[in-house]
Amino acid sequence: MYKILNNDTIKDYIDNTKEIRDLLLNSNESIDKLEVSEIGDGNLNFVYIIKANDKSIILKQAVPYLRCVGEDYPLSRIRMTFEIEALRKEKEICPPFVPDIYYSSFEMSLVVMQNLNHHKILRGEMINRVQFPHLSEHISTFLADTLFYTSDFYLSSRDKKEGVKKFINIELCNITEDFIFTHPYEDNETNEYNPKLDMLHVKKFREDRDVKAAVLEMKYKFMTNAQALLHGDLHTGSIMLNQEESFVIDPEFAFYGPIGFDVGIYLANLIMSYFSLGKNEVEYKKYVNSCIKDTWEKFAQKFKNNMIEDEKKKKSLQFDYPNGLSDFEYFTNCFIKDIFADTIGFASCEMFRRTVGLAKIADITGIEDLELRAKIEARVLETASILIKSKSKINSIDEVLAIIEKTQKEYFNNEKN
Ligand code: SR1
Ligand code: MG
């Protein structure tokens, strides 16, 4: 029977769950040996680290409400089922980038997994200005492989539709539909504003016909375009890493959606990290810039390679003629061009919502000087507006970087100090 665990009751639960007990204790050892602490700082769930005998595990439990709002916002625990199933699928496709799962219980809405105690959350590391040489290589592979191997390009029609059915994640999709695609563009009570942000910046994008039309287009795609199994919440807080390894965690928002959503959410978080940097942080800016460029370019190349290699293996009759493979390659370029426009569109929506919506990001909220923070937020909103309106006309990631750079330069040039 389901019960919400806490620091005290968790020991008894482990005592009665042999699979977990055996991970930490010898059979004759008492549960008093267990050290438990709750370390979750996310918006949805409770996360415990449990240690004994130099061993440790992570236990993550979903509660029947949205943690960051409280019990007034009920949320079904079924999200843990989606998280467990998505972790399993991602592990099958990309083993080096997904933590090991040791135990799971649908009844208790919990999962027990590898404690990544030699790894840290990417967002925090970016705030501390740490560089990771393999990050873009790893994340681009994770994106290209999870998104390709769950798509119609790779799966049979039946298997793909079974996948779509398995991952009908109504409630968490609803959160995204509300908090990314709806509330930030209306006067909604859940929105939160930096008191120093001039509301004219908010009015400007909220009353821009072309922004509104583009946001609705992205929302509609999110709701209808079941291209591949998405992580669904791939921001920099969903990655744990060190200098050698990177792990993608927290896929409870997983569902079949548009490929550009995962790529766009991740790039948006890099872009906002870039905007949070000061004028003189030249070296780190260069690094974040390279992450944005490399992630997109490597992802696009790897996804295309996956498509071409798969086509070579399948040798479909449709392309069985002398120029067949190069014509298929032409198709892969057209496909990636569409994904790029979607990526820019979804990235822009993430930038709007992280600025005026409920869930913010520490890269920017951590800036204590509210006036300075407001200037950064205004730049994020302006850049998101430019990007979303020109998403179909932008041909390369370098053009995206040039738009970001231009907004940043104009701001620094207007600054007196
Ligand atoms: C209302 S929940 C806020 C956000 O937390 C999650 O990490 C998702 O990004 C969601 O939109
Ligand atoms: Mg999360």
Side-chain angles (χ1 to χ4, degrees), residues 38-48 58-87 90 97-99 109-111 113 116 119-124 139 142 169-186 188-192 215 218-219 222-223 230-241 247-255 257 261-270 272-273 346-365:
E38 207 278 318
I39 53 154
D41 59 354
N43 292 324
L44 274 77
N45 302 305
F46 286 81
V47 182
Y48 299 89
I58 291 289
L59 186 151
K60 181 173 178 183
Q61 187 180 38
V63 290
Y65 55 87
L66 185 62
R67 180 178 184 172
C68 67
V69 176
E71 292 180 40
D72 290 347
Y73 195 118
L75 193 64
S76 160
R77 295 183 281 114
I78 197 166
R79 64 183 183 276
M80 182 50 75
T81 304
F82 292 112
E83 173 154 0
I84 294 164
E85 294 294 353
L87 281 167
E90 291 168 353
F97 308 127
V98 182
S109 302
L110 63 79
V111 63
M113 56 188 159
L116 300 169
H119 306 77
K120 290 188 175 156
I121 296 280
L122 174 58
R123 190 183 303 290
I139 300 304
F142 177 85
N169 193 349
I170 298 174
E171 278 185 282
L172 293 209
C173 281
N174 202 247
I175 287 184
T176 302
E177 287 152 21
D178 285 348
F179 289 95
I180 300 190
F181 296 110
T182 311
H183 299 335
Y185 314 93
E186 62 186 15
N188 191 283
E189 60 183 7
T190 62
N191 291 328
E192 281 177 11
V215 169
M218 301 324 297
K219 179 177 177 179
F222 178 83
M223 295 174 80
L230 308 187
H231 175 281
D233 196 24
L234 190 47
H235 54 81
T236 50
S238 298
I239 294 170
M240 291 189 75
L241 78 177
F247 288 90
V248 177
I249 58 170
D250 285 359
E252 65 254 63
F253 282 78
F255 82 113
F261 185 80
D262 272 359
V263 191
I265 296 297
Y266 179 63
L267 291 188
N269 280 267
L270 297 181
M272 290 184 283
S273 160
F346 289 124
S348 308
C349 296
E350 172 76 350
M351 289 162 72
F352 285 126
R353 78 96 172 216
R354 293 292 188 184
T355 310
V356 300
L358 171 73
K360 303 254 186 308
I361 54 165
D363 319 51
I364 293 178
T365 56

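We number each residue from 1, following the sequence as shown. Order of appearance sets the numbers: ligands from 1, and atoms from 1 within every ligand.
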message: I need the nearest protein heavy-atom contact for atom 11 (O) of ligand 1: residue, atom name and distance, please.
response: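 Atom 11 (O) of ligand 1 sits closest to the protein heavy atom Arg353 NH1, 2.7 Å.
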message: Quick test: of every protein heavy atom, which one is nearest to atom 4 (C) of ligand 1, and how far off is it to 0.1 Å?
response: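 Checked against all protein heavy atoms, atom 4 (C) of ligand 1 sits closest to Asn43 ND2, 3.4 Å.
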- request: Flag this pair as yes if the NZ/CZ of Arg67 is under 6.0 angstrom from the six-membered ring centre of Phe46 and inside a 45 degree cone about the axis; otherwise no.
  value: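 Yes.
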task: Tell me whether the centres of the aromatic rings in Phe82 and Phe255 are closer together than 6.0 Å.
output: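 Ring centres of Phe255 and Phe82 not closer than 6.0 Å.
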Would you mind listing which atoms of ligand 1 come within a distance below 4.0 Å of any non-hydrogen atom of [X]?
X: Ala359; result: 3 (C), 4 (C)
X: His235; result: 7 (O)
X: Phe253; result: 6 (C), 8 (C), 10 (C)
X: Leu358; result: 1 (C)

Within the structure, is a non-hydrogen atom of [X] found at a distance of less than 4.0 Å from ligand 1?
X: Arg354; value: yes
X: Tyr73; value: no
X: Asp233; value: yes

query: Angle class for the Phe346/Phe181 ring planes (parallel below 30°, perpendicular above 60°, tilted otherwise)?
result: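 Geometry flag for Phe181 against Phe346: perpendicular rings.
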- prompt: Counting heavy atoms only, which part of Asp250 comes closer than 4.0 Å to ligand 1: side chain, backbone, both or neither?
  reply: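 Neither part.
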Ligand 1 versus Thr176: contacting region, heavy-atom distance under 4.0 Å: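 Neither; nothing of Thr176 gets under 4.0 Å from ligand 1.
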Please examine the side chains of [Y] and [X], heavy atoms only from C-beta on, and report whether any two atoms are closer than 4.5 Å.
X: Thr176; Y: Asp233; answer: no
X: Ile239; Y: Tyr266; answer: yes
X: Leu44; Y: Leu66; answer: yes
X: Asn269; Y: Leu122; answer: no
X: His183; Y: Leu358; answer: no

